[in-house]
Each structure stands twice: as C-alpha cells, then as structure tokens.
Participant: 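Take this structure first; my questions come after.
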Amino acid sequence: MLKPSADLIIKPNQSRYSLVIAVSKRAREIAADAENRGEILIEKPVDMAVHELMENKYRIVEPDSRSKE
C-alpha cells in the first residue's frame, strides 16, 4: 500500500504534531467503535483514519497561537 506523505496531507500552516494527534485520536475512535460492535477490522485503524482525513471526513483544528493564556 502506498503511504501518503505528511506534506501532502497537511496544509501549509499546520504542524506535523497536529496531524499525528488527530490521526491517532480518530484511529482510537475507529478501533473502539469496531470493538463495541464486535467487528474484526481488516484494515489498520491508523490507515483508515489517514484515508478519512484525506477524504475530508474530518479536519484538524489548530489552536490559535495568539490566544490568551
């Protein structure tokens, strides 16, 4: 399977860290949903999460760096 480059997935103003966090959270959701339904996943949850991100099924929201602390 061809793995997409992180540079192709994220927008210019987004960080790779945000990409990793977003994909890992979505992968955990996918795995938990499958476990609750009693399904066995053929494809890895991380691969599924990356494909969903590339298909714009969810998006990464970065915190505003200028926000007050």
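In this chain, residues are counted from 1 in sequence order. Being a predicted model, the structure only gives us computed values, none of them experimental.
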Participant: Is the shortest side-chain heavy-atom distance between Leu41 and Ile30 below 4.5 Å?
Facilitator: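 They are in side-chain contact.
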Participant: Which heavy atom of Ala49 sits nearest a heavy atom of Ala27, and at what distance?
Facilitator: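 Minimum heavy-atom contact is CB-N, 3.8 Å.
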Participant: Report, as yes or no, whether the 6.0 Å neighbourhood of atom CZ on Arg59 holds more than 12 heavy atoms from other residues, nucleotides or ligands.
Facilitator: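 No, CZ of Arg59 has 12 or fewer neighbouring heavy atoms, counting only those of other groups under 6.0 Å.
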Participant: Starting from Leu53, can I reach Met48 by hopping between I/L/V/M/F/W/Y residues whose side chains sit under 4.5 Å apart?
Facilitator: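 Different hydrophobic clusters.
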Participant: Of all heavy-atom pairs between Ala22 and Ile60, which one has the smallest distance, and what is that distance?
Facilitator: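 So the two residues come closest at CB-CG1, 3.7 Å.
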Participant: Taking atom NZ of Lys25 and atom OH of Tyr58, what is their separation to the nearest 0.5 Å?
Facilitator: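 Separation between the atoms: 11.5 Å.
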Participant: Under 3.5 Å, side chain of Ser24 to main-chain N/O of Val20, donor-acceptor pair present?
Facilitator: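 Here the side-chain-to-backbone pair exists.
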Participant: Can you name the residues that form a side-chain contact (heavy atoms from CB on, under 4.5 Å) with Glu35, not counting sequence neighbours?
Facilitator: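 Here no residue qualifies.
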Participant: Show your working on side-chain contact (heavy atoms from CB on, under 4.5 Å) between Lys57 and Arg26 and close with a plain yes or no.
Facilitator: CA-CA 11 Å; Lys57 292 186 178 179; Arg26 180 61 188 136; over 6 Å; no
